[in-house]
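So that the names make sense, note that chain A is the first sequence line, chain B the second, and so on, each numbered from 1. Just the heavy atoms: all of them, side chains too, but no hydrogens, waters or symmetry mates, feed the values below.
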Amino acid sequence: MASYWNRNPIRVFVFLILTVFVVVRSNIPSTPGEGAEERRWEASQVGDVDPGMSVAPPHPHTNTDSFQEELVVRPLHSGDIYASFQFRTVWEADFSRGNKVSHYQLFPKSLGQVISKFSVRELHISFTQGYWRTMQWGQPFLPSPPGAELWVWFQDSVTDVDGTWKELTNVLSGIFCASLNFIDSTNTVQPSAAFKPLGVGNVTDHRFLRYATLPREIVCTENLTPWKKLLPCGSKAGLAVLLKSEKLFHSSFHSQAVHIRPICQDQRCKSTSLELRQTLNAVFDLHTSGQAKREWSLFKMFSRTLTEACPLASSSKIYIDITDNSQGEQFELSPASSLLSQAVVLGDRRTFSVYDLTDQATFGSTLSPFDKKWQYPIGDMLRPLLHAERYVAGYGLQTGEIHTVMYNHHPYRSFPVLLLDSVPWYLRLYIHTLTVTSKGKENKPSYIHYQPSKDRLRPHLLEMLVQLPPNSATEVTVEFERALLKWTEYTPDPNHGFYVGSSVISSLVPSTVATNTSITQEQPLFSSFFPCKEELSYFVRVYTEPLLVNLPTPDFSMPYNVICLTCTVVAVGYGSLYNLLTRSFQIEEPSPGLAKRIANVIRRMRGVPPL
Amino acid sequence: HRNLNGAGQFFSSGHTNNWAVLVCTSRFWFNYRHVANTLSVYRSVKRLGIPDSHIVLMLADDMACNHRNPKPATVFSHKNMELNVYGDDVEVDYRGYEVTVENFLRVLTGRLPPSTPRSKRLLSDDRSNILIYLTGHGGNGFLKFQDSEEISNVELADAFEQMWQKRRYNELLFIIDTCQGASMYERFYSPNLMALASSQVGEDSLSHQPDLAIGVHLMDRYTFYLLEFLEDIHPASKTNMNDLFKVCPKSQCVSTPGHRTDLFLRDPGSVLITDFFGSVRKIEITMETINLTDPIKQMEEK
């Protein structure tokens, strides 16, 4: 787990002082030979480099990791509150040249070792409880499907990607206390177009990409505990203090994720560093959690108050979305902040009130905004342009149909979407029945990639590029047949049903507001996650609901019933027959009276035959 | 130059590290009490010093974040809801469908696939004291796992014998809270095993109290009184095993708890509770001087 002495700034400081002291002392050698020998020893200590390896000369500064944290709070039109935490650690390490790293500062050692051992280029893992309701809540900053999702891009140097993938999932299941070891070839796919790398690098070979979901995976405190331990300050200082499980899991939606990707160190992009983003999104429903008034505060949401920023963070900020409150009619923030910032996120220009936690003046009062009066927000929420639904149609336990409906709410622009469907092998898809219809007419996809399933080896993979006409609903239907599993393959609770993972719909959606495409350090984290190549469109990924399908389930008590019944029938039938055939009747004298018995005893003693 | 009189009492028990394997074998919401049982022992064991890296916690179903739980992320032991045994710092190593007889036996004997992470392994050695706690539904000679398979007392005894032959434990304490629990330790034959059960053969272990808000029974009687007993223990406590045998007499438990000590080499009266439930580090004091390596010697000369 985390090596705390690396994180304790006082000890780092003392170590640096000692280093400086030793370096100063070594600069006054008594004899040239001895001094040179000592200086050699000093150099290896400061650079922390194995002298056998040929690497670039070490940095004079060792403290180049950086850490930022932020919280965005956004009241939604449906009456819920959306809170999004992002923690970003940048690690100045470059694995592409095969360097070995042994010094960890802010970057967690457990993940660093995983990345270097398995030659991981990008890793994205998310644990979600609940389903994101796009039409009521808008688009999330970082979408995620219900359950667990893991997708990884490996480096080109990996020879056996499947073996490395299996080991990686096992190691991650130990780190995150989740049953990720259930990810195997039956639920892993290699998408060819949908999951492009989110970091820098020109990567096109999809043999190094693996994607898997576990829709059944439960998220609870045991997943939050190791996630919090990856943060430099843990849950002791900074925004992570607010992350208490009793409140976080009492929410309509909860999602925690870890994203690791290489990013450019500067504008020229000569070298890359590794970025770790830990995100936690939660949607709190204040009505059901006992709040009668439309008042919300950080204490009411998280049952904790902030006391200080994380000392290791270079920036620690809270953004409250006040776009719907431009004249102050909706609510008042207390304490008020004079810092305002505007950002374009998801095609919408939003105004935020900024609180900087590194500034001591923000503390002293608890942050508690309250409503002056409750009204429905003026104007409509910006309608999400892309939205999708999925359901199973049909009846009975033999066949069915999967319907995926994608909505384009743009009034006049059409745009293409990439649909990724991964269906387990026990739902046998009939691809000849695949139809895509928009507005009643057939809509032919311009790109289809289909990989059929193999029983017990591989799931179905269907990727399609579909052009969605403006203001329409496009429906994709495919028929399937349910397979009968072997009796050992059923889960202990088979009558619950079997899950089919969410479909993923990725698209570049046109926006009316221009987004900023330059990479600057001052951008808030929530607006700089997805790389933006064009100004007039933004990247959106929508996940549909997972499906729950009942397979024909045998009655598992039948073997016991059959054995009992058979044995009873055999016993009764054979027993009766045997008795009939072999039983013989003997006539038995009734037992004599008492006088006769005594007489018989006397006669026996005399040796005379009885009466 | 060693103080043998003081050091002598350090090594009287012969163990240097502690492990715990805590297993809940029941699935479904109405078996909430079995998860609460296991979590209460987990909580006591952590409180007395065994770290998460030395605990293998197996929960067959999730009760805390179950959609039927009116208070998410909590598991209570009593209807007064004072003690949340789930807590805020919990690491479950095997959960859900992973809790199977095969995985349990593999954890005990150490025969796991090479890619299994460390947190899922029982890395004990011949100086480890291991606490094994099982709870669920059981019968005469078997314990049911997840309503679909069972482990028999013969298999369990053989697994312990494998552990003994591979020198995977110094002493082992086995506690089981199921119906007819005493049948599970009848077949043990390896040395240094002590066993406790919540009921004799032919008796049922009963649950403590239902809670009307949550809607299920929260805990079993034996583990409830065991938790009460353990809450009074602190890492420096000198309570011994004879007190543990007295936990939950028939008047409180309705069933008769049993124990078995004939395979154990030491006298139970000299065995401390913290030998199994806590992790007391043994420190070896030395008075010898050690020569450090050369470069540091040069620094000292300067």
Fill in: Option in Leu224(A), Leu168(A), Asn170(A) with maximal non-hydrogen atom pairs under 4.5 Å from chain B
Asn170(A)
Worksheet item: Considering only heavy atoms, which portion of Arg95(B) lies under 4.5 Å from any heavy atom of chain A: side chain, backbone, both, or neither?
Response: both
Worksheet item: According to the interplanar angle, ranging from 0 to 90°, do the rings of Phe30(B) and Phe28(B) count as parallel (below 30°), tilted (30 to 60°) or perpendicular (above 60°)?
Response: parallel
Practice prompt. Evaluate the ring planes of His34(B) and His137(B), with Trp represented by its six-membered ring, and classify them as parallel (under 30°), tilted (30 to 60°) or perpendicular (over 60°).
Written response: perpendicular
Worksheet entry | For Phe302(A), ring-ring contact (aromatic ring centres under 6.0 Å, His included) partners two or more places apart | Phe85(A), Phe284(A)
Worksheet item: What part of Lys228(A) is in contact with chain B, defined as an atom under 4.5 angstrom from a non-hydrogen atom: side chain, backbone, both or neither?
Response: side chain
Item to complete: Just say parallel, tilted or perpendicular for the rings of Phe224(B) and His208(B), cut-offs at 30° and 60°.
Response: parallel
Discussion item. Can you tell me how the ring of His54(B) sits relative to the ring of Trp19(B), calling it parallel under 30°, perpendicular over 60° and tilted otherwise?
Written reply: parallel
Worksheet item: Would you say the side-chain atoms of Thr223(B) and Tyr133(B) include a donor-acceptor pair closer than 3.5 Å?
Response: yes
Worksheet item: Can you say whether Asn84(B) sits under 4.5 Å from chain A via the side chain, the backbone, both, or neither, judging by heavy atoms?
Response: side chain
Worksheet item: What residue in Thr225(A), Thr169(A), Leu248(A) has the most heavy-atom pairs under 4.5 Å with chain B?
Response: Thr225(A)
Discussion item. For chain A, which candidate among Arg118(B), Gln146(B), Lys71(B) shows the most heavy-atom pairs at distances under 4.5 Å?
Written reply: Gln146(B)
Worksheet item: Taking every heavy-atom pair that is under 4.5 Å apart, which of Val171(A), Leu172(A), Asp493(A) has the most such pairs with chain B?
Response: Asp493(A)
Worksheet item: With a 4.5 angstrom heavy-atom cut-off, which part of Ser119(B) approaches chain A: side chain, backbone, both or neither?
Response: side chain
Fill in: Residue Tyr490(A) versus chain B: region with a heavy atom under 4.5 Å
neither
Response to the item:
Note: vs chain A, highest number of non-hydrogen pairs under 4.5 angstrom among Asp147(B), Asp89(B), Asp93(B) is Asp89(B)
Fill in: Geometric class of the Phe104(B)/Phe145(B) ring pair [parallel <30°, tilted 30-60°, perpendicular >60°]
tilted
